[in-house]
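Comments concern the structure below.
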Amino acid sequence: AEETADATPIPGRATVSLPAQGRQLIGMKSDVISKRTLRSTVRASGRVAYDPDLYNAIVEYSEAVKAREKVKDSPWPDVRERSAALVRASELRLRQMGLSPSQIAGYANGSDLPTNLLLGEVGGTVWVYAQVYEYEIGMVHPGQKVEITTPAYPGRKFYGAVRALNPILSAESRSLRIRIEVPNPDGLLKLELYVNAAIVVDLGEKLAVPEDAVLDAGDRKIVFIDLRGGRIEPREVQLGQEAGGYYEVISGVREGERVVTSANFLIDSESRLKAAISHSKEKSGSAGSASPTPQVPMSPTSAGSTSPAQQH
């Protein structure tokens, strides 16, 4: 038998046999499973930030740090504690508003306040707030390069970098705000301008199968492995990220095996039909062995009656 350690029986499906002529008739194709360099692009809509609330919170934090420094040598412990508590509260608010610890630390001395949250100045930078969907947030990290485009300037591209991710997901849109810092040398990026952000994510070399090979069965993802001797075996797989027409495969198949990439639905129908017939036979067999078919006693009338042929 050619069963592998990865092959686990899938309820409701069975291995089927399909000769070469049948494969050609339904247009079945298969491909070798191999490792591929996967790259995915996270796309998000956003706007150039105009955020006076955040600016005011940063100023309050900076002032709280200055006040703490002034009383650090105070002989009254409660004065020192109140000033320290004010700094902690201001810092916590900034964390909730989406700034990273390194960003917050940069505003402690108050010498480089982000006035670009209030005015988009020529030669400076702007912040872009973009919303990344929940299923993609695992691919986004501070430091990644971002390409920015906007309908206001068709064909023009701007480039920036991810600086921070909000710690709180939006319950309404199931998305996460990321903060992107973008140079604005010509002052073209006006505050509240709508933009589109694209982040190219290098996922590395991963074992992968084509998208067309994966059958979504609702509660599980299934592929069909082309075995020797014309056999086709259903496999449940655990998938990772999707990238460039391929899915990363975490478990369920092995490198070098062949996976069916077309006619999956026809093969799946045959697999389920074979499983159903096999299950029906098993039930019939178990019922027959457990309780023999009862003999129906003949009635006196039927026992004594004769057929028309016998009467003549």
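All residue numbers refer to positions in the sequence shown, counting from 1. Quick note: numbers below take in every heavy atom, side chains included, and nothing from hydrogens, waters or symmetry partners.
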- Taking the side chain as every heavy atom from C-beta outward, state whether L25 and Q21 have any pair of such atoms under 4.5 Å apart. no
- Same cluster or not: are I26 and L215 linked, directly or through other Ile, Leu, Val, Met, Phe, Trp or Tyr residues, by side-chain heavy atoms under 4.5 angstrom apart? yes
- Salt-bridge test for E233 and R231: reply yes if a basic N is under 4.0 Å from a carboxylate O, no otherwise. no
- Task: Please report the shortest heavy-atom distance between A49 and L191, naming the atom on each side.
- Result: O-CD2, 3.4 Å
- In Å and rounded to the nearest 0.5 Å, what is the CD1 to CG distance from I137 to L165? 8.0 Å
- Query: If only atom types and distance count, is the side chain of S62 paired as donor or acceptor with the main-chain N or O of I58 below 3.5 Å?
  - Reply: no
- Message: I want to check something: taking the side chain as every heavy atom from C-beta on, are L117 and D53 in contact at a cut-off of under 4.5 Å?
- Response: no
- Message: Is the positively charged end of R179 above the ring of Y129, judged by distance under 6.0 angstrom from the centroid and angle within 45° of the axis?
- Response: yes
- In terms of hydrophobic clustering (I, L, V, M, F, W, Y; side-chain heavy atoms under 4.5 Å; direct or indirect links), are V253 and I267 co-clustered? no
- Query: Counting N and O atoms only, with roles assigned by atom type, does the side chain of Q241 sit under 3.5 Å from a partner on the main chain of G138, one being a donor and the other an acceptor?
  - Reply: no
- Which atom of V87 lies closest to which atom of A64, heavy atoms considered: CG2-O, 3.3 Å
- Query: If you draw a 6.0 Å radius around OH in Y50, do more than 12 non-hydrogen atoms from other residues or ligands fall strictly inside?
  - Reply: no
- Query: If you group Ile, Leu, Val, Met, Phe, Trp and Tyr by side-chain heavy-atom gaps below 4.5 Å, do L38 and V223 land in one group?
  - Reply: no
- Item | Ion pair check, K157 and E147, cut-off under 4.0 Å | yes
- Task: For the pair R23 (side chain) and G230 (backbone), establish whether a donor and an acceptor sit closer than 3.5 Å, ignoring hydrogens and angles.
- Result: yes
- Query: Atom OG1 of T41 and atom CD of E136: how far apart are they, to the nearest 0.5 Å?
  - Reply: 9.5 Å
- Would I199 end up clustered with L176 when hydrophobic side chains under 4.5 Å apart are linked, directly or stepwise? yes
- Could you pull out the closest heavy-atom pair between D31 and P210, with the gap in Å? OD2-CG, 4.3 Å
- Consider only side-chain heavy atoms of I, L, V, M, F, W and Y, link residues closer than 4.5 Å, and tell whether V140 and I148 are in one cluster. yes
- Message: Checking D216 against K221 for the salt bridge (charged side-chain N to carboxylate O under 4.0 Å, His left out) test, could you report, in this order, the C-alpha distance in whole Å, the side-chain angles of both residues, the deciding distance, and whether it holds?
- Response: CA-CA 5 Å; D216 190 344; K221 302 294 189 294; 3.7 Å; yes
- Query: Can you tell me how far the CZ atom of R47 sits from the CG atom of L193, to the nearest 0.5 Å?
  - Reply: 11.5 Å
- Query: Crowded around Y194 OH? As in, over 12 foreign heavy atoms under 6.0 Å?
  - Reply: no
- Step-by-step side-chain contact (heavy atoms from CB on, under 4.5 Å) determination, V146 to V162: CA-CA 7 Å; V146 187; V162 177; 3.6 Å; yes
- Query: Pick one: which of T15, V16, V259, I232 meets side chain to side chain contact (heavy atoms under 4.5 Å, CB included) with F224?
  - Reply: I232
- Locate the shortest heavy-atom distance separating R220 from I10; write the atom from each residue and the value. CD-CG2, 3.8 Å
- Query: Can a salt bridge be assigned to the pair D186 and R156 using a cut-off of 4.0 Å between side-chain N and carboxylate O?
  - Reply: yes
- Query: Are the side chains of E211 and Y247 in touch, meaning some heavy atoms are under 4.5 Å apart?
  - Reply: yes
- To the nearest 0.5 Å, how far apart are CD1 in I33 and NZ in K35? 13.0 Å
- Do the non-hydrogen side-chain atoms of R13 and I222 ever get within less than 4.5 Å of each other? yes
- Task: For the residue pair L94 and L54, establish whether any side-chain heavy-atom pair is separated by less than 4.5 Å.
- Result: yes
- Go through the steps for V182 and T125 under the test side-chain contact (heavy atoms from CB on, under 4.5 Å), then give the verdict. CA-CA 5 Å; V182 185; T125 62; over 6 Å; no
- Does any N or O in the side chain of S262 come within less than 3.5 Å of the main-chain N or O of K29, such that one atom is a donor and the other an acceptor? yes
- Query: To the nearest 0.5 Å, how far apart are CE in M97 and CD1 in I168?
  - Reply: 10.5 Å
- If we only count heavy atoms from C-beta on, is the M28 to D226 side-chain gap below 4.5 Å? yes
- Message: Can you confirm whether K145 is buried at NZ, in the sense that more than 12 heavy atoms of other residues, nucleotides or ligands lie under 6.0 Å from that atom?
- Response: no
- Query: How many angstroms lie between CZ in R88 and CD in E91, if you round to the nearest 0.5 Å?
  - Reply: 10.0 Å
- Message: Are L18 and E270 packed together at the side-chain level, in the sense that at least one heavy-atom pair is separated by less than 4.5 angstrom?
- Response: no
- Check whether any side-chain N or O of Y153 sits under 3.5 Å from a backbone N or O of L188 as a donor-acceptor pair, and report yes or no. yes
- Query: How close do A130 and A44 get, heavy atom to heavy atom, and via which atoms?
  - Reply: CB-CB, 4.1 Å
- Would you confirm whether N56, through its side chain, and P52, through its main-chain N or O, come within 3.5 Å as a donor-acceptor pair? yes
- Query: Quick one: are L99 and Y107 in side-chain contact, heavy atoms under 4.5 Å?
  - Reply: yes
- Of all the heavy-atom pairs spanning G160 and P183, show the shortest one and how long it is. CA-CD, 4.4 Å
